[in-house]
Novice: 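Have a look at this one.
These numbers were taken from a predicted model, which means no experiment stands behind them.
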Amino acid sequence: MSVKKELLVRPIEHGTVIDHINAGQALNVIRIIGIAGSMGSVVSIAMNVASKEMGLKDIVKIEGRELDSKQLDKISLISPDATINIIRNYDVISKYNVELPEEIIGIVRCNNPDCITNSDEPVASSFTVTKKPVILRCKYCDHIISEEIAEQLI
């Protein structure tokens with residue numbers, strides 16, 4: 001029996017495709033990127049797409065936009081195996097994996113209410129990052145964040 005493959009989402013001329021997003025995280029990626037309803041770019045979201053490597057994955061395509069390093073760091077925290085594809089004239093001109101940094105500063109909120117980063121002191125949050133699974137340890141209070149990291153992103 002032959003299975004016919006169909007293109008689920010139209011190709012983009014210029015922009016970014018974020019592939020291999022952990023299933024169920026596409027809407028968090030959209031929030032990280034700061035996509036607003038009136039931004040004027042075409043945004044395509046595919047959720048729970050079959051994947052040989054992952055079982056299920058999400059995909060986000062953004063027409064006319066590239067991501068900055070802070071956005072890539074945030075995406076790596078919630079989906080460390082994500083790939084970024086830069087598209088020009090409908091062709092992939094660059095493809096790379098996001099890189100999970102060893103340390104993150106000022107992009108995740110410590111959810112320990114007693115942490116100095118949650119006081120009136122002008123101190124940016126700082127975490128060391130452990131990979132596989134992703135675990136964040138606050139450098140100030142040693143509080144660990146390992147679940148629902150997306151909810152703590154600043």
Side-chain angles (χ1 to χ4, degrees), residues 8-9 12 14-39 41-88 92-154:
L8 298 175
V9 179
I12 59 175
H14 301 289
T16 304
V17 176
I18 308 161
D19 197 357
H20 300 101
I21 301 168
N22 291 352
Q25 293 294 326
L27 297 179
N28 286 324
V29 168
I30 293 296
R31 187 171 55 86
I32 288 167
I33 297 168
I35 301 296
S38 62
M39 75 175 255
S41 296
V42 173
V43 177
S44 302
I45 302 170
M47 297 180 74
N48 297 316
V49 177
S51 167
K52 290 178 185 173
E53 299 102 28
M54 301 177 71
L56 294 175
K57 67 178 181 177
D58 292 354
I59 304 167
V60 175
K61 292 183 174 188
I62 307 127
E63 185 93 36
R65 182 124 177 239
E66 290 186 25
L67 308 180
D68 63 36
S69 61
K70 198 171 193 177
Q71 292 168 326
L72 293 172
D73 285 347
K74 289 179 180 183
I75 291 169
S76 74
L77 291 172
I78 63 169
S79 197
D81 296 320
T83 57
I84 307 298
N85 298 282
I86 306 300
I87 311 298
R88 296 283 179 270
V92 176
I93 64 157
S94 176
K95 181 176 183 171
Y96 57 92
N97 295 328
V98 294
E99 292 185 29
L100 197 58
E102 292 179 11
E103 175 184 46
I104 53 169
I105 299 171
I107 64 171
V108 175
R109 179 182 311 103
C110 183
N111 57 6
N112 175 1
D114 295 327
C115 182
I116 192 168
T117 61
N118 291 319
S119 68
D120 291 333
E121 298 295 326
V123 179
S125 64
S126 181
F127 292 85
T128 55
V129 179
T130 304
K131 304 172 184 181
K132 305 271 183 191
V134 176
I135 298 172
L136 308 178
R137 180 181 298 273
C138 179
K139 286 190 168 185
Y140 297 104
C141 70
D142 283 333
H143 185 74
I144 292 176
I145 301 174
S146 61
E147 295 179 8
E148 301 181 5
I149 293 172
E151 283 76 31
Q152 302 307 318
L153 294 172
I154 297 172

Novice: Are the side chains of Phe127 and Ile149 in touch, meaning some heavy atoms are under 4.5 Å apart?
Specialist: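 No. Closest side-chain heavy atoms not under 4.5 Å.
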Novice: So, does Glu63 use its side chain to make a donor-acceptor pair with the main chain of Gly15 at under 3.5 Å?
Specialist: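 Such a contact is absent between Glu63 side chain and Gly15 backbone.
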Novice: Is a side-chain donor or acceptor of Asp58 paired with a backbone partner of Gly24 at a separation under 3.5 angstrom?
Specialist: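 Yes; at least one donor-acceptor contact below 3.5 Å.
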Novice: Closest approach of Ile75 and Leu67, non-hydrogen atoms and distance?
Specialist: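 Between these two residues, the closest heavy atoms are CD1-CD1, 3.8 Å.
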Novice: Looking only at heavy atoms, which two atoms of Ala124 and Tyr140 are closest? And how far apart?
Specialist: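 Scanning both residues completely, I find the closest heavy atoms to be O-CE1, 3.4 Å.
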Novice: Determine which pairs satisfy salt bridge (Lys or Arg N to Asp or Glu O under 4.0 Å) with at least one residue from residues 102-112, sequence neighbours left out, and list them in order.
Specialist: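 Qualifying pairs: Glu103-Lys139.
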Novice: Give every residue pair that meets the salt bridge (Lys or Arg N to Asp or Glu O under 4.0 Å) criterion with at least one member in residues 121-132, sequence neighbours excluded.
Specialist: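 Residue pairs passing salt bridge (Lys or Arg N to Asp or Glu O under 4.0 Å), neighbours aside: Asp81-Lys132.
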Novice: Side chain to side chain contact (heavy atoms under 4.5 Å, CB included) with Leu27: which residues, sequence neighbours excluded?
Specialist: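 Residues passing side chain to side chain contact (heavy atoms under 4.5 Å, CB included) with Leu27: Ile45, Met47.
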Novice: Taking C-beta and beyond as the side chain, do Lys70 and Ile107 meet within less than 4.5 Å on heavy atoms?
Specialist: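 With C-beta onward as the side chain, the pair touches.
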Novice: Which heavy-atom pair separates Ile21 from Ala26 by the least distance, and what is that distance?
Specialist: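 Of all heavy-atom pairs spanning Ile21 and Ala26, the closest is CG2-N, 4.1 Å.
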Novice: Does the side chain of Asn22 reach to within under 4.5 Å of the side chain of Ile78, using non-hydrogen atoms?
Specialist: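 No, their side chains stay 4.5 Å or more apart.
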Novice: According to salt bridge (Lys or Arg N to Asp or Glu O under 4.0 Å), who are the partners of Asp19, at least two apart in sequence or on a separate chain?
Specialist: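 Applying salt bridge (Lys or Arg N to Asp or Glu O under 4.0 Å) to Asp19 gives Lys57.
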Novice: Looking at Ile87, Ile18, Ile12, which one forms a side chain to side chain contact (heavy atoms under 4.5 Å, CB included) with Ile62?
Specialist: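 The side chain to side chain contact (heavy atoms under 4.5 Å, CB included) with Ile62 is passed solely by Ile18 among Ile87, Ile18, Ile12.
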Novice: Is any side-chain heavy atom of Pro133 closer than 4.5 Å to one of Ser146?
Specialist: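 The answer is no; the side chains never approach within 4.5 Å.
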Novice: Looking at residues at least two apart in the chain, or sitting in another chain, which of them share a side-chain hydrogen bond (donor to acceptor under 3.5 Å, both in side chains) with Asn28?
Specialist: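 Checked Asn28 against side-chain hydrogen bond (donor to acceptor under 3.5 Å, both in side chains); matches are Gln25.
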Novice: With a 4.5 Å limit on heavy-atom distance, are the side chains of Leu77 and Leu100 in contact?
Specialist: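 With C-beta onward as the side chain, the pair touches.
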Novice: Quick one: pull up SG in Cys141 and CG in Asn111 and give me the separation to the nearest 0.5 Å.
Specialist: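 Interatomic distance, Cys141 SG to Asn111 CG, rounded to 0.5 Å: 8.5 Å.
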Novice: For residues Asn118 and Pro113, determine if any side-chain heavy atom of one lies less than 4.5 Å from a side-chain heavy atom of the other.
Specialist: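 Counting from C-beta outward, Asn118 and Pro113 never come under 4.5 Å.
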Novice: To the nearest 0.5 angstrom, please state how far the OG atom of Ser44 sits from the CD1 atom of Ile59.
Specialist: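 The CD1 atom of Ile59 is 10.0 Å from OG of Ser44, to the nearest 0.5 Å.
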Novice: If you look at every heavy atom in Ile104 and Val108, which pair is closest and at what distance?
Specialist: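 Nearest pair, atom of Ile104 first, then Val108: CD1-CG2, 3.4 Å.
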Novice: Quick check: closest heavy atoms across Thr16 and Ile84, and the distance to 0.1 Å?
Specialist: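 Taking Thr16 first and Ile84 second, the nearest heavy atoms are CG2-CG2, 3.8 Å.
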Novice: Would you compute the distance between atom NZ of Lys74 and atom CD1 of Ile154 and round it to the nearest 0.5 angstrom?
Specialist: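 Spacing of NZ (Lys74) from CD1 (Ile154) equals 7.5 Å.
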Novice: Do Gln152 and Leu136 come close enough that some side-chain heavy atom pair is under 4.5 Å?
Specialist: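 Side chain of Gln152 against side chain of Leu136, heavy atoms only: no contact under 4.5 Å found.
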Novice: Is it the case that over 12 heavy atoms from other parts of the model lie below 6.0 angstrom from the CD atom of Glu151?
Specialist: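 Result for CD/Glu151: enclosed.
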Novice: Mind checking whether Ile32 and Leu153 have side chains closer than 4.5 Å, heavy atoms only?
Specialist: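 Ile32 reaches Leu153 side chain to side chain.
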Novice: If you look at every heavy atom in Ile30 and Val60, which pair is closest and at what distance?
Specialist: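 Answer, listing the atom of Ile30 first, then Val60: CD1-CG1, 3.6 Å.
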Novice: According to side chain to side chain contact (heavy atoms under 4.5 Å, CB included), who are the partners of Asp120, at least two apart in sequence or on a separate chain?
Specialist: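 In terms of side chain to side chain contact (heavy atoms under 4.5 Å, CB included), with neighbours along the sequence ignored, Asp120 is linked to no residue.
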